[in-house]
Colleague: 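Okay, handing you the structure first.
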Amino acid sequence: MHVLLFLVAIVAGAVNAMAGGGGLLTFPVLMTVVTPVTADATSAVALLPAYVTSTWAGRKHLAPVRHWFWLLLGPSLLGGLLGALLLNLSVNRSFVELIPWLVLVATLLTLRPLLSRRQLSSGTAVHEAPPAPPISLQIAAGLLLFVVAIYGGYFGAGIGILVIGAFGLIGLTDIHSIVPLKNALSGNLRAVAVTVFLVEGNVDWEYGLVMAAGAFLGGYLGGRMVHLTNRTLVRIGIVFLGFAMAAYYFWKIYGAEIHMVGSD
């Protein structure tokens, strides 16, 4: 099991750096050995190093959007904190009932760029810094990232896809810049959530440390390969896996309840 978790974390860390959706790999595997809330918290801890290494690998591309990072950092941190606190208020039973819906939402977030007619392309990079955004756009962007970060602090799977989608709404489309910006903001909001999980004692360190080592390696590799890998194929694979897992959890959780009602 430890070897499996290590390998899964390598892949998940690389996927997060390149496309997003790595949590859809780590969370279900952890669900087989720990409780749902612990699985979510441990998955967050495990994937945190991947954000650090992937951001470092793409740091030179952050310069044109540095002002966006500082503008959106505060709302991201606050949203991540709120989401983590909401998770800690959830008992395992109530969180279990949300699992298939959360997996489905994360999968749909991963699917969204594949359905968009305006695909981000690594061949259309613009490395000059964009003009300063108007105040109204800055406020709207902060509110949007705050809402996104609440989801990221609560569940996290697919958060990178949602952040990239938010960037598209505010006019950021240069893939060379928005991928490391996504990694930097997602890493910070997840770091706040991880801090809450650590204080509350929700992390299984036996599995978390093994996966963190794998994610550390995977994040660096993914950050280095982000402009060389076909992210569309990566997302297609994650989408198929996500829909399969959502269907399984819907059947396991709600199908069992329907069966019990029918047997009364």
Colleague: Taking the side chain as everything from C-beta on, heavy atoms only, tell me whether Thr55 gets closer than 4.5 Å to Leu62.
Modeller: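 Yes, their side chains come closer than 4.5 Å.
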
Colleague: What are the two closest heavy atoms between Phe27 and Pro36, and how far apart are they?
Modeller: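 In terms of heavy atoms, the two residues are closest at CE1-O, 3.7 Å.
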
Colleague: How close do Gly13 and Leu47 get, heavy atom to heavy atom, and via which atoms?
Modeller: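 Closest heavy-atom pair between Gly13 and Leu47: N-CD2, 4.1 Å.
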
Colleague: What are the two closest heavy atoms between Gly23 and Pro28, and how far apart are they?
Modeller: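 Of all heavy-atom pairs spanning Gly23 and Pro28, the closest is O-CD, 3.8 Å.
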
Colleague: Could you state the interatomic distance from CG (Leu82) to CG (Leu86), rounded to the nearest 0.5 Å?
Modeller: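 The CG atom of Leu82 sits 4.5 Å away from the CG atom of Leu86.
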
Colleague: Flag the pair Asn188 / Val192 as yes when at least one side-chain heavy-atom distance between them is below 4.5 Å, and no otherwise.
Modeller: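 Asn188 does not reach Val192 side chain to side chain.
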
Colleague: According to a hydrophobic-cluster definition based on side-chain heavy atoms being under 4.5 Å apart (Ile, Leu, Val, Met, Phe, Trp, Tyr only), do Leu4 and Met31 belong together?
Modeller: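 Yes; tracing contacts between hydrophobic side chains, which count when under 4.5 Å, links both residues.
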
Colleague: Taking side-chain contact (heavy atoms from CB on, under 4.5 Å) as the definition, give me every residue that meets it alongside Ala141, ordered by chain and number, with sequence neighbours left out.
Modeller: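 side-chain contact (heavy atoms from CB on, under 4.5 Å) check on Ala141 returns Trp68, Leu72, Ile170.
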
Colleague: Is the closest side-chain heavy-atom distance between Leu89 and Leu85 below 4.5 Å?
Modeller: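 Side chain of Leu89 against side chain of Leu85, heavy atoms only: no contact under 4.5 Å found.
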
Colleague: Under 4.5 Å between side-chain heavy atoms, hopping through other hydrophobics if needed: is there a path connecting Val8 to Tyr51?
Modeller: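 Yes, same cluster.
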
Colleague: Are Leu5 and Phe216 connected in a single hydrophobic cluster, I mean Ile/Leu/Val/Met/Phe/Trp/Tyr linked by side-chain heavy atoms less than 4.5 Å apart?
Modeller: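 In one cluster: no.
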
Colleague: Could you give the side-chain donor-acceptor pairs of residues 198-205 under 3.5 Å, partners two or more places apart or in another chain?
Modeller:
unit_1, atom_1, unit_2, atom_2, d
Asn202, ND2, Asn88, OD1, 2.4
Asp204, OD1, Glu206, N, 3.1
Asp204, OD1, Tyr207, N, 3.3

Colleague: Apply side-chain contact (heavy atoms from CB on, under 4.5 Å) to Pro75 and list each qualifying residue two or more places apart in sequence or on a separate chain.
Modeller: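 Pro75 satisfies side-chain contact (heavy atoms from CB on, under 4.5 Å) with Phe146 only.
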
Colleague: In Å, rounded to the nearest 0.5 Å, how long is the span from CD1 of Ile150 to CG of Leu145?
Modeller: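 The CD1 atom of Ile150 sits 11.5 Å away from the CG atom of Leu145.
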
Colleague: Closest heavy-atom contact between Ser186 and Val163?
Modeller: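 So the minimum-distance heavy-atom pair works out to OG-CG2, 3.8 Å.
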
Colleague: With no hydrogens and no angle check, is any side-chain donor or acceptor of Thr195 less than 3.5 Å from a backbone partner on Ala191?
Modeller: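 Confirmed, Thr195 side chain pairs with Ala191 backbone.
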
Colleague: Applying the 4.5 Å side-chain criterion to the ILVMFWY set and letting contacts propagate, would Leu7 and Tyr220 be lumped into a single cluster?
Modeller: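 The answer is no; the residues belong to distinct hydrophobic clusters.
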
Colleague: Would you mind reporting whether Met211 and Val29 have side-chain heavy atoms less than 4.5 Å apart?
Modeller: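 Result no, sub-4.5 Å side-chain heavy-atom pair not found.
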
Colleague: Just how far is it from atom CG of Leu30 to atom OG1 of Thr35, taken to the nearest 0.5 Å?
Modeller: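 Here the interatomic distance stands at 10.5 Å.
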
Colleague: Linking I/L/V/M/F/W/Y whenever any side-chain heavy atoms sit under 4.5 Å apart, do Trp56 and Ile178 land together?
Modeller: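 No, separate clusters.
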
Colleague: Within the 4.5 Å heavy-atom criterion, are Leu185 and Phe167 side-chain neighbours or not?
Modeller: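 When only atoms from C-beta onward are counted, Phe167 and Leu185 do touch, with a gap below 4.5 Å.
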
Colleague: The criterion is side-chain contact (heavy atoms from CB on, under 4.5 Å); which residues satisfy it with Ala44, sequence neighbours excluded?
Modeller: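 Only Arg190, Val194, Phe197 meet the side-chain contact (heavy atoms from CB on, under 4.5 Å) criterion with Ala44.
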
Colleague: Check whether any side-chain N or O of Ser54 sits under 3.5 Å from a backbone N or O of Gly219 as a donor-acceptor pair, and report yes or no.
Modeller: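 Answer holds: no.
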
Colleague: Looking only at heavy atoms, what is the nearest atom pair of Ala193 and Ala84, with distance?
Modeller: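 Closest approach of Ala193 to Ala84, heavy atoms only: CA-CB, 3.6 Å.
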
Colleague: Only counting residues at least two apart or in another chain, list the ones meeting side-chain contact (heavy atoms from CB on, under 4.5 Å) with Arg66.
Modeller: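 Applying side-chain contact (heavy atoms from CB on, under 4.5 Å) to Arg66 gives Ala63, Trp70.
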
Colleague: Measure from the side-chain N and O atoms of Thr53 to the backbone N and O of Ala50, and report whether any donor-acceptor pair falls under 3.5 Å.
Modeller: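 Checked: pair present.
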
Colleague: Of all residues at least two apart in sequence or in a different chain, which pass the side chain to side chain donor-acceptor pair (under 3.5 Å) check with Ser43?
Modeller: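 If we apply the side chain to side chain donor-acceptor pair (under 3.5 Å) test to Ser43, skipping adjacent residues, the hits are Thr26.
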
